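What follows is one structure encoded as structure tokens, with my remarks underneath.
Per chain, numbering begins at 1; letters A, B, ... match sequence-line order. Hydrogens, waters and symmetry mates are skipped; everything else that's a heavy atom, side chains included, is used. Remember, it's a predicted structure, so these values are computed and weren't measured experimentally.
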Amino acid sequence: MPAITLPDGSVRQFDAPVTGTTVAEAIGPGLARAALAMKVDGKPVDISTEIDQDAHVVFITRRDIDALEMIRHDAAHVLAEAVQELFPGTQVTIGPSIENGFYYDFARNDPFTPEDFAPIEAKMREIVARGARFERQVMDREEAIAFFQAKGEKYKAQLIEDLPRSEVITLYRQGEWIDLCRGPHLRTTADIGTAFKLMKVAGAYWRGDHRNAMLSRIYGTAWRDQKELDAYLHQLEEAERRDHRRIGKDMGLFHIQEEAVGSVFWHPKGWKLYRTAETYMRRRLDASGYQEVKTPQLVDRILWEKSGHWENYRQNMFIAHVEDEDKSLALKPMNCPCHVQIFRQGLRSYRELPLRMAEFGACHRYEPSGALHGIMRVRAFTQDDAHIFCTEAQIAPETVRFVELLSSIYRDFGFESFRVKFSDRPEARSGSDDVWDQAEAALKEACATAGVEYELNPGEGAFYGPKLEFVLRDAIGRDWQCGTLQVDFVLPERLDAEYVAEDGARHRPVMLHRAILGSFERFLGILIEQYAGRFPLWLAPVQAVVATIVSDADAYAEEVATALTKAGLTVRTDLTNQKINAKVREHSLLHVPVLAVVGRKEAETRTVALRRLGGSAQDVVSLEEAVARLAAEATPPDLRADRV
RNA sequence: GCCGGCGUAGCUCAGGGGUAGAGCAACUGAUUCGUAAUCAGUAGGUCCACAGUUCAAUUCUGUGCGCCGGCACCA
């Protein structure tokens with residue numbers, strides 16, 4: 001005799017087990033029409049599910065966010081059906097809903113190409129129009145395996161074989177087509193609607209393992225209505241305009257060329273941006289008790305053997321040989337072993353701890369070609385690296401301190417929020433399990449102390465210790481690790497770092513590896529996308545252009561530029577023989593934040609007309625006022641008087 | 001590294017078995033014009049590289065390199 005409690009708190013009694021459909025009908029025909037699925041005690045299920053005991057029920061309609069995920073999941077099923085109708089012999093594997101859409105991985109000798117999209121999409125629309133009911137079916141495990149084997153679907157059969165014994169095997173049928181699926185689903189394929197679109201093809205390894213077969217993946221996007229789909233596609237176009245590779249080219253910030261794959265040629269404006277960020281970081285580190293050092297680029301393999309990099313990281317290292325010498329040197333892929341060498345010079349005392357050693361360290365790593373991406377993933381990059389040598393007791397306070405510094409710096413750069421991931425021990429690692437237990441526990445405790453909330457990222461730690469990853473998102477939604485904090489008990493041991501403690505005996509320090517930006521290259525790439533090239537004044541590589549209206553104002557324009565330069569701004573003049581409209585347009589397209597326009601009037605009255613990027617207002621102020629105002633605004637956030 | 005796509009002027013792109021075109025940019029000249037494109041003219045290309053097919057290849061085929069989207073790998 002189930003009693004159904006609805007979201008408004010009302011309760012409906014039924015004499016016998018009922019399906020969601022029946023309950024919805026009992027409430028009203030409108031709801032019966034709109035209810036696509038439901039949540040029973042918080043768990044999403046098919047609307048046709050029978051409820052046989054008291055439960056809280058929430059109906060899911062098209063307007064609910066939960067419907068979106070189901071639309072996407074169902075669209076994946078329809079995609080698979082369409083593909084199998086059009087391309088017999090193609091095997092299905094998995095097809096989940098994902099952020100913004102869905103994908104399906106197919107096993108097939110000839111991978112799909114974008115040319116296949118039109119016919120597949122047409123077939124999908126046909127299947128949606130058919131409106132076949134999604135029917136759930138429970139099947140015995142062995143029977144299900146035999147069923148898929150008989151169809152030649154060996155991937156599906158394997159999926160079932162690998163499911164835990166306790167798992168109930170369910171299949172969903174839509175018309176003639178049937179798939180292994182946990183559910184839940186909408187009522188019919190018609191409920192998916194027509195606001196979907198196939199987006200791209202990609203190779204993907206079966207079960208995400210590169211030793212397995214490569215499958216052909218089709219990505220699609222799906223939404224509740226055409227308006228949402230259009231908005232999403234528009235947003236994608238907008239995001240493309242923010243792409244740091246495009247902006248880097250348009251603004252003349254940097255380039256990369258074939259002869260130095262994965263390395264950045266910084267142009268004057270790009271390097272100005274880089275230096276602004278570097279100078280800022282140096283000030284912040286100086287103020288936070290770090291000591292900056294500089295260590296060698298090329299280091300003998302002997303040191304890398306000691307540190308464990310030779311064993312664990314060699315495939316990512318650039319090795320250098322000299323003609324007449326029987327030596328192998330490696331370009332450093334990380335700075336840590338070098339920093340330990342500095343730590344090891346002389347006898348260290350516990351009084352020096354925590355010792356925070358920072359370096360803007362240029363590192364080289366041989367990254368797989370497919371991983372390279374603009375300046376965000378390169379083979380030569382500069383980390384804002386530091387190693388904190390400390391005692392175990394200092395791990396937690398140093399973590400708190402670090403997270404505060406990182407948050408403050410991210411905020412200054414305009415990133416109000418970021419995600420944190422906790423990566424624990426990887427398969428290939430140095431150090432005993434005991435040491436890893438200790439390191440992971442210490443980092444977790446430090447997080448608790450610092451109030452850091454994180455998601456788990458299993459098996460993704462560095463080979464010498466667990467790490468926290470601070471993740472920022474680029475324009476098109478890809479996540480990038482920037483900051484990191486790693487607890488390391490291994491390297492101090494391997495490289496024999498020690499200090500004399502209060503008790504007069506020698507002890508091992510703990511090493512905290514940490515970076516805030518991660519690498520300047522990646523961080524600046526994200527920064528470019530964050531601002532779409534329209535930087536706040538303190539970051540802009542060219543902060544103002546003084547543009548003339550008539551050539552009579554040339555001398556005055558030079559005077560204005562000089563005054564602004566003296567005040568510390570980076571300024572250019574535009575004395576070209578063009579209309580002011582053209583000048584405004586040109587410098588706006590280059591994202592110059594301030595345009596100082598001078599014509600006859602300004603020259604006579606010693607004023608400038610300030611125009612902000614993106615605005616159309618003109619602010620005519622005296623030269624002194626303009627200099628004072630812009631100088632104040634161009635002050636980096638950490639140097640501002642109102643800094644709390 | 002793997003799967004797919006792409007590689008034509010500085011940029012964005014069109015074209016196509018008989019050795020190439022547009023717009024913008026550049027350069028020259030005219031124009032001094034008050035807030036997102038003044039007008040006219042000029043110049044600019046081993047059509048990514050190498051090999052093959054062909055009377056003829058930038059176009060077709062193969063290989064390599066690079067780029068783009070994913071996967072795998074990672075700051």
For nucleotides [N] and [M], find the distance between their [atom1] atoms and express it as a whole number of Å.
N: rU63(B); M: rG21(B); atom1: P; answer: 33 Å
N: rG5(B); M: rG44(B); atom1: P; answer: 37 Å
N: rC6(B); M: rG15(B); atom1: P; answer: 13 Å
N: rA30(B); M: rC13(B); atom1: P; answer: 36 Å
N: rA49(B); M: rU8(B); atom1: C1'; answer: 15 Å

*Between C1' of rC71(B) and CZ of Arg207(A), the distance in whole Å*: 16 Å

*Can you check the Phe106(A) CZ to rG70(B) P distance for me, whole Å?*
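Result: 19 Å.
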
For the residue pair [X] and [Y], categorise the inter-ring angle as parallel (less than 30°), tilted (30 to 60°) or perpendicular (more than 60°).
X: Phe415(A); Y: Tyr410(A); result: perpendicular
X: Trp266(A); Y: Trp271(A); result: tilted
X: Tyr232(A); Y: Trp223(A); result: tilted

Counting Watson-Crick and G-U wobble pairs only, both distances under 3.5 Å, name the nucleotide matched with [N], or none.
N: rU42(B); answer: rA26(B)
N: rG18(B); answer: rC55(B)
N: rG1(B); answer: rC71(B)

